[in-house]
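All ligand and atom numbering here is 1-based and tracks the order in the structure. Quick caveat: nothing in here was measured; it's all calculated off a predicted structure.
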Amino acid sequence: MNIDEGVVVDIVNAVLGRLDGSSASQAEEEPKAPEGGDGIFESMDDAIEAAAVAQRAYLSCSMHDRAAYVQAIRDVVLNQENLEYISRQSVEETGMGNYEHKLIKNRLAAVKTPGIEDLTTDALTGDDGLTLVEYSPFGVIGAITPTTNPTETIICNSIGMLAAGNSVVFSPHPRAKNVSLHLVRLINRALAKAGAPANLVVTVSKPSIENTNAMMSHPLIRMLVATGGPGIVKTVLSSGKKAIGAGAGNPPVVVDETADIEKAGKDIVDGCSFDNNLPCIAEKEVIVVDSAADYLIFNMKKNGAYEVKDQATINKLVRLLVQENGKSPVTAFVGKSAKYILDQVGVSVDDDVKVIIMQVGEDHPFVQVELMMPVLPIVRVPDVDAGIEMAIRVEHGNRHTAMMHSRNVDKLTKMAKLIQTTIFVKNGPSYAGIGVGGEGHTTFTIAGPTGEGLTSAKSFARRRRCVLVGGMDVR
Ligand code: NAD
C-alpha cells in the first residue's frame with residue numbers, strides 16, 4: 001500500500017504533539033498568568049492566579065534549577081546596597097528595631113536558611129522492589145508576615161518555600177508595606193535574571209486585613225503559614241487548610257546559683273537588647289535564685305543594663321508601655337531603644353544603655369505581657385526548682401523559647417523537659433537558638449503551636465511515596 005510521505009509526517013507529528021502536550025491547540029489551553037510588575041499585583045486574586053501558573057511551570061524545573069533560584073535570592077539579599085537598604089527601611093517604616101541588628105538578621109536569613117539539601121529522600125528496598133518517600137511541594141503557599149521581622153521572614157520563607165518547589169503569595173503587615181514590596185520586587189528581578197518562571201514570589205500593592213482574608217479563603221492556596229501574634233495564628237488554624245502557626249512567645253530566662261554569673265549577665269543583656277527585643281525568642285523576663293541575684297544584677301549593669309529602682313518611675317513605665325487591658329504592649333513603643341523609652345519618663349541616660357531592668361514580683365505586667373521592648377523585669381526566687389515552676393507559668397504555655405544559665409546538669413535537664421519550649425538555650429543568649437553563636441540553621445518562622453519547630457524547606461513540603469514493584473534491590 002502506498003501512503004503519501006507527507007501524510008505520514010503529519011500523523012507522526014500530531015501523535016507526538018499530543019504525547020508531549022505541545023500541540024498548538026493544547027498550548028492555547030495553558031492558563032495564562034495575570035499581569036503584575038515584578039510580582040506585585042493590584043488584586044489578591046490576580047496574585048494568587050499568577051503564582052499558581054508559576055508553580056505549575058516550576059514543576060518542570062530540575063533540582064539544579066531550584067538550587068540556582070535559591071542562590072539568586074541569597075545573592076540579591078547579600079548585595080551590600082540591598083542589605084543596607086532593606087535594613088534601614090525596615091527600621092524607618094515600622095519605627096521598630098535597630099539598623100545594625102537588622103543587618104545581622106537579614107544576612108543571617110540569607111545565609112543560614114536551608115535550601116534544597118533539606119529535602120532528604122528515604123528509600124526502602126526489598127524483595128518487592130523500591131519505595132521512595134520524598135518531600136513534594138504543596139503548590140501555592142499563602143504566607144502572612146509580621147512587622148517585627150518583616151524582611152527577615154520574607155527572605156527565609158521565600159528560600160524554604162521555593163526550595164521545596166512551591167510558589168508563595170505574601171501578605172505582609174500593612175505597617176511594613178513599602179519595605180516588603182521592595183524586597184519582593186528585588187527577589188522577582190533576581191529570579192527573572194536566573195531564568196525562573198515569573199511570579200514564584202508575589203504580593204499585592206496594598207496589603208490589608210481584607211487581602212489577607214481573601215488569601216486565606218482562596219481555593220488555589222494549598223497551605224497557610226502565619227508568622228505573628230495569637231490572633232492570626234488562631235485564624236489560620238481555623239481556616240480548614242493545612243496551616244503552620246508561628247505565634248507569640250514570652251521567653252523566660254532562669255539563672256541559678258551554680259551558673260557562670262558574669263557570663264549570664266552579659267548574655268542576658270545581649271540577647272534581650274538584640275534588635276531592641278523584637279525577636280520572639282528574645283529574653284522577656286529574668287527569674288533568678290535569690291543568692292545569685294545581686295551579683296547577676298551587678299553584671300547586667302556592667303554590660304549595659306540600667307536599673308530603675310524608684311517605684312513611681314516603674315509605675316510610669318507601666319502606664320506608658322502596657323495597654324489599659326493589661327494584656328498587650330503599646331505598639332508605639334514596641335522595638336524602641338532603652339534610651340528612647342527612658343527619655344519618655346524623664347530619665348536621661350547615655351547611648352550605651354541597652355536594657356532597662358527593675359525588680360518586681362511574678363504578677364507584674366512586665367513579666368506577664370510580651371512587651372517586645374528592651375525592658376527586662378527581674379524576679380527573685382528562693383531556689384532553682386521554684387524558678388523552673390515560675391518560668392513554666394509565665395511562658396503561658398506558648399511552648400516557644402526559654403533560656404537557663406546553670407552548671408547543674410540535672411536542673412538544666414529538668415527545666416528543658418518540663419517547659420516544653422521549641423527552643424531551649426542553655427548557657428547562652430537567646431539568639432544562639434536561631435544559629436547565631438549556636439549550632440543549627442536559622443529561621444524567623446518558629447512554629448511552636450503546630451509543631452514544625454524551626455521551619456525549613458521540609459516544613460513546606462508534603463510526604464509522598466513512590467513505589468516501583470520488583471527489582472532494584474542490589475543486596
Ligand atoms: P500581628 O499578629 O499584629 O501581625 C502579624 C500578621 O498578621 C500581619 O501581617 C498582620 O497584618 C496579620 N494579621 C493580624 N491580625 C489579623 C487579622 N485579624 N486578619 C488578617 N490578618 C491579620 O503581629 P506583629 O505585631 O506584626 O508581630 C509580633 C507578634 O508576632 C509577636 O507576638 C511575636 O511573638 C510574633 N512572632 C512570632 C514569630 C515566630 O516565629 N513564632 C516570629 C515573629 C513574630
Side-chain angles (χ1 to χ4, degrees), residues 44 90 93-97 102 105 108-109 113 142-157 160 169-177 179-181 184 203-204 206-218 224-239 243-251 274-284 323 327-335 369-373 395-396 398-402 421-423 430-431 433-435 441-456 459:
M44 182 53 89
S90 255
E93 186 176 8
T94 63
M96 299 175 180
K102 293 276 188 211
K105 289 166 70 190
L108 176 71
T113 301
I144 299 151
T145 54
T147 40
T148 47
N149 311 315
T151 51
E152 301 88 325
T153 311
I154 290 179
I155 296 164
C156 79
N157 284 357
V169 181
F170 280 108
S171 203
H173 198 293
R175 278 205 310 276
K177 171 191 142 183
V179 73
S180 302
L181 263 58
V184 167
T203 188
V204 286
K206 293 188 188 72
S208 63
I209 287 191
E210 293 70 38
N211 272 324
T212 306
N213 290 336
M215 182 180 84
M216 289 190 289
S217 60
H218 197 290
L224 288 166
V225 178
T227 309
I232 190 63
V233 168
K234 193 171 171 206
T235 306
V236 298
L237 294 188
S238 325
S239 67
I244 292 182
N250 193 35
F274 190 48
D275 206 15
N276 291 341
N277 200 251
L278 286 180
C280 48
I281 56 161
E283 289 82 350
K284 299 283 189 287
Q323 288 190 23
K327 290 184 179 154
S328 321
V330 173
T331 312
F333 293 98
V334 169
V369 177
E370 185 199 25
L371 286 180
M372 296 176 283
M373 301 168 197
E395 210 271 328
H396 303 312
N398 292 320
R399 296 178 164 204
H400 197 299
T401 299
T421 46
T422 304
I423 297 178
S430 51
Y431 47 68
I434 53 165
H441 74 268
T442 205
T443 182
F444 286 85
T445 296
I446 298 156
T450 47
E452 290 78 7
L454 284 93
T455 56
S456 59
S459 319

Trainee: Identify the heavy atoms of A176 and T94 that sit nearest to each other, and give their distance.
Mentor: CB-CG2, 4.0 Å

Trainee: Hey, could you give me the OG1/NZ distance between T442 and K105, rounded to the nearest 0.5 Å?
Mentor: 10.0 Å

Trainee: Just to verify, which of T145, I144, T212, L181 counts as forming a side chain to side chain contact (heavy atoms under 4.5 Å, CB included) with P207?
Mentor: L181

Trainee: Can you list the ligand 1 atoms lying under 4.0 Å from a non-hydrogen atom of S171?
Mentor: 9 (O)

Trainee: T445 and A246: which non-hydrogen atoms are nearest, and at how many Å?
Mentor: CG2-CB, 3.6 Å

Trainee: Who's the nearest protein heavy-atom neighbour of atom 35 (C) of ligand 1, and how far?
Mentor: G228 O, 3.3 Å

Trainee: With heavy-atom distances below 4.0 Å as the criterion, list the atoms of ligand 1 near I144.
Mentor: 6 (C), 7 (O), 9 (O), 12 (C)

Trainee: Tell me the protein heavy atom at minimum distance from atom 34 (O) of ligand 1, and give that distance in Å.
Mentor: E370 OE2, 2.5 Å

Trainee: For T235, is the nearest heavy atom under 4.0 Å from an atom of ligand 1?
Mentor: no

Trainee: Run the numbers for me: atoms of ligand 1, each under 4.0 Å from some heavy atom of A246, listed by number.
Mentor: 37 (C), 38 (C), 39 (C), 40 (O), 41 (N)

Trainee: Let me confirm one number: the CD1-OG1 distance from I244 to T227, rounded to the nearest 0.5 Å.
Mentor: 9.0 Å

Trainee: Could you pull out, from G247, G448, P146, the option with a heavy atom nearest to atom 27 (O) of ligand 1?
Mentor: P146

Trainee: Could you find the nearest protein heavy atom to atom 19 (N) of ligand 1 and give me its residue, atom name and distance?
Mentor: I209 CG2, 3.5 Å

Trainee: A side-chain contact here means heavy atoms from C-beta on lying under 4.5 Å apart; do T331 and R175 qualify?
Mentor: yes

Trainee: So for R175, does at least one of its heavy atoms come nearer than 4.0 angstrom to any atom of ligand 1?
Mentor: no

Trainee: Can an N or O of I446 be found at a distance shorter than 3.5 Å from an N or O of ligand 1?
Mentor: yes

Trainee: Under 3.5 Å, is there a donor on one side chain and an acceptor on the other for T455 and T443?
Mentor: yes

Trainee: Counting non-hydrogen protein atoms only, what is the nearest one to atom 11 (O) of ligand 1? Give residue, atom name and distance.
Mentor: P174 CD, 3.4 Å

Trainee: Looking only at heavy atoms of G231, does any of them come nearer than 4.0 Å to an atom of ligand 1?
Mentor: no

Trainee: For atom 38 (C) of ligand 1, what's the nearest protein heavy-atom neighbour? Residue, atom name and distance, please.
Mentor: C280 SG, 3.2 Å

Trainee: What is the nearest protein non-hydrogen atom to atom 14 (C) of ligand 1, stated with its residue, atom name and distance?
Mentor: I232 CB, 3.9 Å

Trainee: Distance under 4.0 Å to a non-hydrogen atom of G249: what atoms of ligand 1 satisfy this?
Mentor: 34 (O)

Trainee: Under a 4.0 angstrom heavy-atom cut-off, which atoms of ligand 1 come close to H400?
Mentor: 39 (C), 41 (N)

Trainee: How long is the gap from OG1 on T421 to NE2 on H400, to the nearest 0.5 Å?
Mentor: 10.0 Å

Trainee: By number and element, which atoms of ligand 1 are closer than 4.0 Å to a non-hydrogen atom of P172?
Mentor: 9 (O)

Trainee: Around atom 1 (P) of ligand 1, find the nearest protein heavy atom and jot down its residue, atom name and distance.
Mentor: G229 N, 3.8 Å

Trainee: I need the M96 CE to T147 OG1 distance, nearest 0.5 Å.
Mentor: 4.0 Å

Trainee: Just which atoms of ligand 1 are under 4.0 Å from any heavy atom in T212?
Mentor: 20 (C), 21 (N)

Trainee: Do S171 and N211 have side-chain N/O donor and acceptor atoms under 3.5 Å apart?
Mentor: no

Trainee: Decide whether N277 and K284 meet the rule of one side-chain donor and one side-chain acceptor closer than 3.5 Å.
Mentor: yes

Trainee: Determine whether the side chain, the backbone, both or neither of N149 has a heavy atom under 4.0 Å from any heavy atom of ligand 1.
Mentor: side chain

Trainee: Please report the interatomic distance CD1(I281) to CG(L454), rounded to the nearest 0.5 Å.
Mentor: 8.5 Å

Trainee: Taking all non-hydrogen atoms of both residues, which atom of P150 and which atom of S90 are closest, and how far apart?
Mentor: CG-OG, 3.5 Å

Trainee: Give the residue, atom name and distance (to 0.1 Å) of the protein heavy atom nearest atom 3 (O) of ligand 1.
Mentor: H173 NE2, 3.9 Å

Trainee: Output the list of atoms in ligand 1 that are nearer than 4.0 Å to some heavy atom of F444, sorted by atom number.
Mentor: 40 (O), 42 (C)

